[in-house]
Amino acid sequence: MEKHCDTCIYSYQAKNRGPLRLIYKARQHCNCPEYNSPEYTSEMFMEDRSHDYCRFWTPRKEGKAS
């Protein structure tokens with residue numbers, strides 16, 4: 001399985017209103033506690049972003065809908 005946020009068990013799509021728009025756009029979010037903690041710095045985020053997945057990536061279970 002390719003490591004990417006799209007294949008991580010923690011990622012989900014939510015509709016957020018865009019800036020200066022009246023329409024909603026689906027955006028990817030993460031519900032991993034470590035990812036959303038203050039200990040996960042912007043430097044770590046930028047390093048992980050270059051890989052298209054973060055250090056907390058966990059594969060989705062096969063056969064389960066997300």
Side-chain angles (χ1 to χ4, degrees):
M1 176 180 290
E2 182 180 339
K3 287 185 176 182
H4 191 276
C5 289
D6 293 339
T7 60
C8 181
I9 195 168
Y10 295 115
S11 71
Y12 65 97
Q13 295 283 325
K15 290 186 176 182
N16 295 359
R17 192 180 341 204
L20 304 174
R21 295 185 188 155
L22 299 176
I23 60 172
Y24 287 87
K25 181 178 180 180
R27 296 233 165 112
Q28 195 167 44
H29 296 276
C30 181
N31 63 4
C32 178
E34 292 88 0
Y35 180 84
N36 293 306
S37 75
E39 288 81 29
Y40 186 63
T41 64
S42 59
E43 290 83 17
M44 295 163 77
F45 172 78
M46 293 307 288
E47 179 183 332
D48 292 348
R49 188 173 180 183
S50 68
H51 302 295
D52 289 334
Y53 63 92
C54 76
R55 60 196 74 217
F56 309 113
W57 182 87
T58 305
R60 292 180 190 256
K61 304 259 189 245
E62 291 295 322
K64 286 199 166 192
S66 55

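Since we're looking at a predicted model, the values are computed, not measured.
- Put simply, the side chain of Glu39 does not reach to within 4.5 Å of the side chain of Met44, judged on heavy atoms.
- No side-chain donor-acceptor contact under 3.5 Å links Thr58 to the backbone of Ile9.
- Here the closest non-hydrogen pair linking Ser11 and Cys5 is OG-O, 2.7 Å.
- Across all non-hydrogen atoms, the minimal contact from His51 to Glu47 is CD2-O, 3.2 Å.
- Aromatic ring orientation, Tyr40 versus Tyr35: tilted (interplanar angle from 30° to 60°).
- Between atom OG of residue Ser42 and atom CZ of residue Arg49 there is a gap of 12.0 Å, rounded to the nearest 0.5 Å.
- Within the model, atoms CG of Asp48 and CD of Glu43 stand 11.5 Å from one another, a figure rounded to the nearest 0.5 Å.
- Phe45 and Phe56 fall within a single hydrophobic cluster, where Ile, Leu, Val, Met, Phe, Trp and Tyr side chains are chained together by heavy-atom contacts under 4.5 Å.
- Here CZ of Arg60 is found 7.0 Å from SG of Cys8. Values are rounded to the nearest 0.5 Å.
- Interatomic distance, CD of Gln13 versus NE2 of His29, reported as 8.0 Å (0.5 Å rounding).
- No path of Ile, Leu, Val, Met, Phe, Trp and Tyr side chains, each step under 4.5 Å between heavy atoms, connects Met46 with Trp57, placing them in separate hydrophobic clusters.
- Within 6.0 Å of CZ on Arg55 lie more than 12 heavy atoms contributed by other residues, nucleotides or ligands.
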